[in-house]
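Report on the following structure.
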Protein chains: 2
Amino acid sequence: MQTILLVDDEQRMLDLVALFLEPHGYQCIKVTGGKKAIETLKKSKIDLVLLDVMMPEMDGWEVCEAIREFSNVPIILLTARSDKFDLVKGLNTGADDYVTKPFDEGELVARVNALLRRVTQDTSGKEQIQYQDFSLNTEAYALNYKDLTAQLTLKEFLIIKALISRPAKTFTREELIESGWAFDTYTDVRTVDSHIRNLREKLRNAGFPIDEFLKTVWGIGYKWS
Amino acid sequence: MQTILLVDDEQRMLDLVALFLEPHGYQCIKVTGGKKAIETLKKSKIDLVLLDVMMPEMDGWEVCEAIREFSNVPIILLTARSDKFDLVKGLNTGADDYVTKPFDEGELVARVNALLRRVTQDTSGKEQIQYQDFSLNTEAYALNYKDLTAQLTLKEFLIIKALISRPAKTFTREELIESGWAFDTYTDVRTVDSHIRNLREKLRNAGFPIDEFLKTVWGIGYKWS
DNA sequence: TAATAATATGATGATTTGGTAAAGGGGGCG
DNA sequence: CGCCCCCTTTACCAAATCATCATATTATTA
């Protein structure tokens, strides 16, 4: 089952497009606006993006460029028939294809099929660790929250990974050390405190609401909740 | 120089389309009728086919199906605006895109560019790898950025290829070595550092904004983003 | 509220890791 | 054969991370 992200400012259009695609075996995620689209892309596995060009705030090709900053997911633009200029601009900013409104079901599905057939993205073996708006990119060793991204060090990554993988479970410092590194060497448990401190500072500075999620459990250790 | 095969029954249309494409660096071969098109495809190197749907004898999608018997060359259909049914049928019989008549130069060229850009395999089996304004010339073993070009050595090419093919993924040095060379022989992981260094220096000197894209992930490896 | 225990914070030194330069080996080519 | 270029390795230095400790702060409990 492949997942398609639909981006438009009109709810009616989102519903219509989903109505077209879902009978053909595609799962649709509907979002309004470019920021939400980017957030969703960062935390979910998306196989293709259908993007309306005409949107308030961020227009289609702004979103397109923003997506190309971190992903090469296939993108199809939706636009009014008359916007020839949009077409050229869109295709030159990284979009892969283009559908003009009004379109019928057959045309849309055919284009989606054709593009996915071409791309055949290799997403196998990709772990997806997430919690609400947080998601851990296990390939980039980075933490995402909505449209924010923070690059983590190895130890920071290992700690966050352990915590988010089992929300609400309180980890002792010993558990965190053993789950991540130091199978052989001894490291002071207080070292975990330092990493937690560094994490909190880094993420706080990056704008993450980290204090609401990464919590100290007095006398025991740390947890995510 | 890429070669495009134009297929139509009207000589005037062939000339018009060639007039549009040739200024953009495409070599055009004009043929009238499906049989000649198939003959030409079998004996010449063709990068893309522009195929009119309305033709006597063999129509567009018959030709399309016939081509798909032996080749997966990219195909764009030319169709009258009203022929929605033809369009869907065409895309589902193996065409990759379509353009409705009447069309202007910008639209046609944009579609041709876009299709050639996203096609991962051209007729000679070479891959097209790109990221935003960067593209890898897998025949010349060179990296392009906008109008800049840098000649790479083999190892440099293999490293860049691995990185750009999967943006945002962090590669360990071992992964880079294994993905490119040394399936059998042992090579020190620090050799990758040397190649990265040479790449950065070479590309920086050539005017590439390489430091914004080729990044070190401390304790893990390198990534492109 | 004071005493106590645990964590947060700040500072620092140690350690790991990456960047850089330099040199040697080896193959291709004139 | 000799030159040049690429690849690889090594060594050294710089930078980032990691671990530890001392001190400040906060939470808990009597």
Side-chain angles (χ1 to χ4, degrees), chain A residues 141-143 150-163 170-206 210-225, chain B residues 140-143 150-163 170-206 210-224:
Chain A
Y141 292 83
L143 181 68
Q151 178 69 51
L152 306 178
T153 71
L154 181 58
K155 300 293 160 73
E156 288 166 357
F157 174 83
L158 292 170
I159 288 174
I160 282 281
K161 181 181 169 189
L163 293 173
T170 301
F171 288 80
T172 65
R173 294 173 176 71
E174 287 84 355
E175 284 177 317
L176 286 172
I177 289 177
E178 283 163 20
S179 77
W181 67 101
F183 303 96
D184 41 5
T185 66
Y186 166 83
T187 33
D188 193 307
V189 291
R190 289 288 148 197
T191 298
V192 175
D193 295 35
S194 279
H195 289 301
I196 292 282
R197 181 188 106 78
N198 294 336
L199 262 170
R200 283 179 170 148
E201 190 182 31
K202 174 182 286 186
L203 296 174
R204 219 179 283 135
N205 290 342
I210 190 65
D211 298 323
E212 293 170 36
F213 295 91
L214 174 53
K215 291 184 178 155
T216 303
V217 181
W218 239 78
I220 305 171
Y222 301 95
K223 72 170 179 181
W224 187 272
S225 71
Chain B
Y141 291 84
L143 180 67
Q151 178 64 52
L152 306 177
T153 71
L154 178 59
K155 299 296 158 75
E156 288 166 357
F157 174 82
L158 292 170
I159 288 173
I160 282 281
K161 179 181 167 189
L163 293 173
T170 302
F171 287 81
T172 65
R173 294 172 175 72
E174 286 84 355
E175 284 177 317
L176 287 172
I177 290 176
E178 282 163 19
S179 77
W181 67 99
F183 302 97
D184 41 5
T185 66
Y186 166 83
T187 29
D188 194 305
V189 291
R190 300 303 302 274
T191 300
V192 174
D193 295 36
S194 283
H195 290 303
I196 292 280
R197 185 190 105 77
N198 294 336
L199 264 170
R200 284 181 170 145
E201 190 181 32
K202 173 181 288 184
L203 296 173
R204 220 179 282 134
N205 290 342
I210 191 65
D211 297 322
E212 292 171 38
F213 294 91
L214 174 53
K215 290 183 180 156
T216 303
V217 182
W218 248 83
I220 303 164
Y222 299 95
K223 73 175 177 181
W224 186 273

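Order of the sequence lines fixes the chain letters, A, B, ..., with proteins taken first and strands second; residue numbering starts at 1 for each chain. Not measured: the values here are computed from a predicted model.
- A heavy atom lying under 4.0 Å from DNA chain C marks the following residues of residues 196-205 of chain B, by number: B/R197, B/R200.
- Mapping B/T191 and B/W218 onto DNA chain D via the closest heavy atom, the residue that lands nearer the 5' end is B/T191.
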If you apply the rule side-chain contact (heavy atoms from CB on, under 4.5 Å), what do you find for A/L143 with A/E156, and how did you get there? CA-CA 10 Å; A/L143 181 68; A/E156 288 166 357; over 6 Å; no
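- Counting all heavy atoms, side chain and backbone alike, B/I210 lies closest to B/R204 at CG2-N, 4.2 Å.
- Counting to the nearest Å, the P atom of D/dC21 and the CG atom of A/D193 are 13 Å from each other.
- A straight line from CD1 of A/I220 to P of C/dT7 spans 9 Å, rounded to a whole angstrom.
- The side chain of A/T187 contributes no N or O atom lying less than 4.0 Å from OP1 or OP2 of D/dC18.
- Note on A/R190: every side-chain N or O is 4.0 Å or more away from OP1 and OP2 of D/dC21.
- Following rounding to the nearest Å, B/I159 (CD1) and D/dC7 (P) show an atom-to-atom distance of 9 Å.
- Across the protein-nucleic acid pair, A/L152 atom CG and D/dT17 atom P stand 11 Å apart, rounded to whole Å.
- Regarding B/E156, its CD atom lies at a distance of 11 Å from the P atom of D/dT8, rounded to whole Å.
- Summary for the helix from C/dT1-D/dA30 to C/dG30-D/dC1: the axes at its two ends, each from 5 pairs, differ by 30° when rounded to the nearest 10 degrees.
- The shortest non-hydrogen separation linking A/V189 to A/I177 is CA-CD1, 3.9 Å.
- For a distance-only test at 3.5 Å, the side chain of B/R173 fails to qualify as a donor-acceptor partner of the base of C/dG18.
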*Please test A/T153 against A/K202 for side-chain contact (heavy atoms from CB on, under 4.5 Å), starting from the C-alpha separation and ending with a verdict.*
CA-CA 11 Å; A/T153 71; A/K202 174 182 286 186; 4.0 Å; yes
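- Between B/K155 and D/dT8, a side-chain N or O to OP1/OP2 separation shorter than 4.0 Å is present.
- One can find a donor-acceptor pair under 3.5 Å joining the base of D/dT9 and the side-chain atoms of B/S194.
- The minimum heavy-atom distance linking A/L214 with A/L163 is given by the pair CD1-CD1, 3.5 Å.
- Considering all non-hydrogen atoms of both residues, A/L154 and B/G219 come closest at CD2-O, 4.4 Å.
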message = Quick one, B/I196 with B/I159, criterion side-chain contact (heavy atoms from CB on, under 4.5 Å). Give me CA distance, side-chain angles, the key distance, then yes/no.
response = CA-CA 8 Å; B/I196 292 280; B/I159 288 173; 4.1 Å; yes
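- When the options B/D188, B/D193, B/T187 are evaluated for a side-chain hydrogen bond (donor to acceptor under 3.5 Å, both in side chains) with B/R190, the one that passes is B/D193.
- Between the OH atom of A/Y222 and the P atom of C/dA6 there is a distance of 13 Å, rounded to whole Å.
- Straight-line distance from the NE2 atom of A/H195 to the P atom of D/dA16: 17 Å, rounded to whole Å.
- Remark: B/T216 is in phosphate contact with C/dG19, judged by side-chain N or O atoms under 4.0 Å from OP1 or OP2.
- A pairwise comparison of heavy atoms in A/G221 and A/R173 identifies CA-NH1, 3.9 Å as the closest pair.
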Practice task
Using the side-chain contact (heavy atoms from CB on, under 4.5 Å) rule, take B/F171 and B/Y222 through it: C-alpha gap first, then chi angles, then the decisive distance, then the call.
Solution key: CA-CA 5 Å; B/F171 287 81; B/Y222 299 95; 5.8 Å; no
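- Atom-to-atom, CD of B/Q151 to P of D/dC5 comes out at 13 Å; the value is rounded to the nearest Å.
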